[in-house]
Amino acid sequence: MTTQLDNQVYSNQTLLSISQYEHNITENPREVSNYWYLGLALLLEDREEEAQITWMTPFLEFGEEQSWLQELTEILLNSAQQQEANSNNKLAWVIRQHIKEFIPDDINNLLKIVELNIDLNIEDLETNINQLVETISQLTETPVFDENLLVKVIEKLVHLDPVTPPSFVDKLVEIFIPSLSTSKTIILLLTGKAEAYYRFSQSYMSIYFAKVALRLEPNNLDCIRKIVAPLQRLGSDYTKESIDWVKKYLALAQEPTDQINGYHYLLDALLTSCASWEKAVQAYQAYKLYLSNVVNSKSNDESLVQLLSIGAFLLYMEDNPRENRLIRNGLAALCQQVLGKSFPENINTYQKRFQSPRPALSERPLRIGYLSECFRTHSVGFLAWWLLKYHDRQQFDIYLYSLKENVYDPHQQAYKNEFGDRFHQECLSMVGMADKINADEIDILVDLDSLTSYGSCAILALKPAPIQVSWLGYDGTGFPTVDYFIADHYVLPESAQDYYTEKIWRLPENYIGIDGFSIGTPTLTRESLDIPDNGIIYFSSQTGLKRNFHNIRLQLQILKQVPNSYFLLKSHRTNYQDLQDFIAPIAEAEGVDLKQLRFLPSADTDMEHRANLVIADIVLDTYPYNGATTTLETLWMGIPIVTRVGEQFAARNSYTMMMNVGVTEGIAWSDEEYVEWGVRLGKDEKLRQEIVWKLKKSRQTSPLWNGKKFAGEMENAYQQMWERYIDD
C-alpha cells in the first residue's frame, strides 16, 4: 500500500512539473532548459514520443548550439543516476537509452545499459553488448571509461544463471584489453568462475573462462593451471593437448611450488596419454627432487598451500615408502603449518570444542562424519556405500560431507535419498565446510579421498574434529592432524609404522568389505576379437597412470612363453590408439607378435566392463601401483590374477584381497615370480579351474564379500578410538 501511495505522489509531482515547464516555455520560449526538463518529465510519464518531440523543438526552431546537447545529456544522466539510487532501474534504463541516441559513443553509458540489462533480465543484452563492442572498435582514440564499472558488468555477466553465453564475456574482454590500466580484478573474476565450473565438473566452460583470463595476462600461471586441470580431467586427446600448456607453465615457473605443480601436471599428462616413458622418468626425477628440496628447506612460504595434496606420483612411479613417505610427511607438516597461520581463529574455535567434556559412549551415539568428493559414480563412492549403508544408526549418527556435486548422477542421488538432511552438499569454501563439520560436533571425521582431493586435505589440515581418520583413499596423507590410517595385516607390512605419522589401525581381516557387484551384459566375444576358442586370454584394464615400461615388459614376457596366448588391454581416460603406440615398440623389442595384442576402448558402463571380464582367463595386475577396485571386480568375477607384491600400500592391495578370498596362487614377491606365475597359470588349465572354484566359493565365506560384517568391524574401531580419546 505504501509503495502505491509513493508512486501516486511521484506521478502527481511529475504532472505538476509538466504543467510548470509548459507554462515556462509559453512565458519564455527561448529558455531551452525548460524543453529539456519538460521532455524528461514526459519521459518519466511514459510519454516517450512527446518527450522526443519536445527535446527536438529548440534544435528545429532556434538552430543548434554546441552546449545544448551537453546540457540535455547532463540533465538526463543526473536523472538516470537518481533513478538508480532509488532502485528505479527500469526508468533508468529507459533514460539511458535516450542518452545513447544523443551520445552513441559514451562508453560508460553503454556499460551501464548492459548492467541494467542484466539486472532487469531484458532480452536485448546481446544487442547492447554488440553495440558496445562495435562502438569501441570504431574509435580512433583510446576510449575513456570507468574500469570499476567494467568490472561490475563482467562480474554480473560471469555470475548469470543460467550459464552466460561465453561470447558475451569474451567480446568485452577482447575489446577492452588495450585500454585497461589493470586487469587483476577481472582476472580474479574469470579464474573464480573457471574454478567454480571445474568444481561442478563442467570442464569445457572452466577452460573457456580460464582462456579468457589468460588473454588479459598471457603469462599468468594461475590461468594456465586452470586450463591444464580440466583438460586433463577430460582425458584422451585433451590430455595430450595439456602437455603443450604444461610446457609453457614450466617455462614460466620460477618458484619451487610452481615447478612442483608443473611437473605434477606433466607426469599426469605423460602417463595418462601413454606418451614417452623416458620423459615421464625425467619429469618424475625433477618432481621428486623439488619436493625433497622444499621439505629440506623447512620453508613457511604461503604458496606451499598449493601443495596440500601433492605426492601421488611418488606411489605411481616407484615402490619406495621408506624414503617417499618421509617426503610426503614432511610436505604435509609444512603445508599444515602455513594453513594454520592463515586461519588461526577457526582452528582455535575447533580446539575449544575439543576441550569441553567428552561424552562417554553410553551418553549419546558417536557422530561420524565422512568427507569425500566421491559420493557419486566413482570407485570410492561405490566401495564406501556398503559401510555407510550397514552402519547401526542407533549407535552412530552418520553425516556425509560432499565436496562435489554431480546433479544428474544416480549414485549421488542414492546417497542423498539414503541420508537425507545428513548429506551435506553446500557450496562452501574449504574453511566453510570445516566450520560446518565443527558446528555439527562431529566426533570422528573419516576422509575417503586422501591425495586425490585438495579440499579434503585442506579440511584435514584444519582439524575440525577431535579424531580424524584416513580410509580407502590412495594412502595416508601425512598430516599430523590425522590420527589413524585404516589398514589390515596384509596391506601394510609390520614395519610400516616406522614411516607413517598416522597411527596404523589394523582391522582384524580386510580393510575393505562389500557385498559384491552388479553385472551387465557382455559385449566382447572371442569371435569379435578374432581369438580362437582354445586361445589363452590375458587381460589388463588399468588407468594409464599405473602403466609403466617395466611392468609391461614383464607382461609381454609372459605372453611370449605361453603358446596360443593373447593380451587384451585397455586404460581408462587413455585413447586405445595411444596405448597401442606405447606398447607396440616394447612388444617388438621382446619378440612378441603384435597380432597377439588387442587394444580395447573403455566400456560404456562399469556393469558392462565387469561382464566383459569373463572373456579373460588370467588378469595381469600392475606394479608398483596395484589394482584396487579392478582387483575386487576380477576376484568377484572368479578370474585368476597375477600380482606383484611390494612394500607400499598401493603395491599390496591385490595381495590383501587375494589373501582374504583364500587364493595364494598368483601372488609374486619378485619380478621373476610374477613372470613365473603368469606363465604357469597360462599353461595349467586345471590350476586355473581350481582358483575359479575357490573364488566362486569365497562369495559365501570371505570377509571381502561381507559388507555388514565389515561395517561392524569399523564401528568397533571407532568405539575403541573414542574410548582411547576420552581416557587421555
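Quick note: residue numbers are just sequence positions, from 1. Bear in mind the structure is a predicted one, so any value in this text is a computation, not a measurement.
Interatomic distance, CG of L214 versus CD1 of I224, reported as 5.5 Å (0.5 Å rounding). Distance CG/L289 to CD1/I260: 9.5 Å, rounded to 0.5 Å. Between the CG atom in N551 and the CD1 atom in I586 there is a gap of 10.0 Å [rounded to 0.5 Å]. To the nearest 0.5 Å, the span separating CG on L451 from OG on S309 amounts to 7.0 Å. Distance check: I512 CD1 to I486 CD1 gives 11.0 Å after rounding to the nearest 0.5 Å. A distance of 6.5 Å separates CG in L613 from CD in E633, rounded to the nearest 0.5 Å.
Taking the six-membered ring where tryptophan is involved, the planes of Y287 and F313 are perpendicular, since the angle between them exceeds 60° and thus also 30°. Ring geometry for Y290 against Y263 counts as parallel: the plane angle stays under 30°, on a 0 to 90° scale with 60° as the upper cut.
Between the side chain of N660 and the backbone N or O of T656, at least one donor-acceptor pair lies under 3.5 Å. No side-chain donor-acceptor contact under 3.5 Å links S450 to the backbone of G473. Panel note: side chain T481, backbone L460; a donor-acceptor pair is recorded below 3.5 Å. At distances below 3.5 Å, at least one donor-acceptor pair connects side-chain atoms of T634 with backbone N or O atoms of T630.
For Y454, the OH atom sits in a packed shell: over 12 heavy atoms of surrounding residues, nucleotides or ligands are nearer than 6.0 Å. More than 12 non-hydrogen atoms from other residues, nucleotides or ligands lie less than 6.0 angstrom from OH of Y350. With a 6.0 Å radius and a threshold of 12 heavy atoms from other residues, nucleotides or ligands, E255 has its CD atom at or below the threshold.
For the pair R506 and Y511, the cation-pi criterion (under 6.0 Å, within 45° of the ring axis) is not fulfilled. Because its NZ or CZ atom is both nearer than 6.0 Å to the ring centre of Y198 and within 45° of the ring axis, R233 counts as a cation-pi partner of that residue.
Between the side chains of S571 and R547, at least one donor N or O lies within less than 3.5 Å of an accepting N or O. Between the side chains of S299 and D301, no donor-acceptor pair is found at a separation under 3.5 Å. The closest side-chain donor-acceptor pair between S470 and E502, if any, does not fall under 3.5 angstrom. Inspection of the Q648 and N320 side chains reveals no N or O donor paired with an N or O acceptor under 3.5 Å. Checked by atom type, the side-chain pair D449/S372 shows a donor-acceptor distance below 3.5 Å. N548 and Y316 form no side-chain donor-acceptor contact under 3.5 Å, judged by distance and modelled atom types alone. Between the side chains of Y490 and R652, not a single donor N or O lies within less than 3.5 Å of an accepting N or O. With no hydrogens or angles considered, a side-chain donor-acceptor pair links D581 and Q577 at under 3.5 Å. Side-chain contact of R322 with S495: a donor-acceptor pair under 3.5 Å is present, judged by distance alone. Residues N626 and N653 bring no donor and acceptor atom of their side chains to less than 3.5 Å of each other.
Note on D621 versus R644: no salt bridge recorded, every NZ/NE/NH1/NH2 to OD/OE distance being 4.0 Å or above. A salt bridge links K463 to D483: one of the charged nitrogens lies within less than 4.0 Å of a carboxylate oxygen. Under the 4.0 Å criterion applied to side-chain N and carboxylate O atoms, E302 and K341 are not assigned as salt-bridge partners. By the 4.0 Å N-to-carboxylate-O rule, K288 lies close enough to E318 to be salt-bridged with it. Ion pair K248/D244 not flagged as a salt bridge, since none of the NZ, NE, NH1 or NH2 atoms sits closer than 4.0 Å to an Asp/Glu carboxylate oxygen.
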Q.
What verdict does the side chain to side chain donor-acceptor pair (under 3.5 Å) test give for S402 and E373, after you've listed the backbone C-alpha separation in whole Å, the side-chain angles of each residue and the deciding distance to 0.1 Å?
A. CA-CA 6 Å; S402 175; E373 291 186 358; over 6 Å; no
Q: Mind running side chain to side chain contact (heavy atoms under 4.5 Å, CB included) on N329 and V295 for me, showing each step along the way?
A: CA-CA 9 Å; N329 295 345; V295 171; over 6 Å; no
Q | side chain to side chain contact (heavy atoms under 4.5 Å, CB included) between Y500 and D475, worked out | A | CA-CA 10 Å; Y500 275 87; D475 201 340; 2.6 Å; yes
Q | Audit row: Y265, S242, side chain to side chain contact (heavy atoms under 4.5 Å, CB included) steps and yes/no | A | CA-CA 8 Å; Y265 287 128; S242 76; over 6 Å; no
Q) When you look at L462 and Q336, which way does the side chain to side chain contact (heavy atoms under 4.5 Å, CB included) test go after all the steps? A) CA-CA 7 Å; L462 293 169; Q336 182 195 324; over 6 Å; no
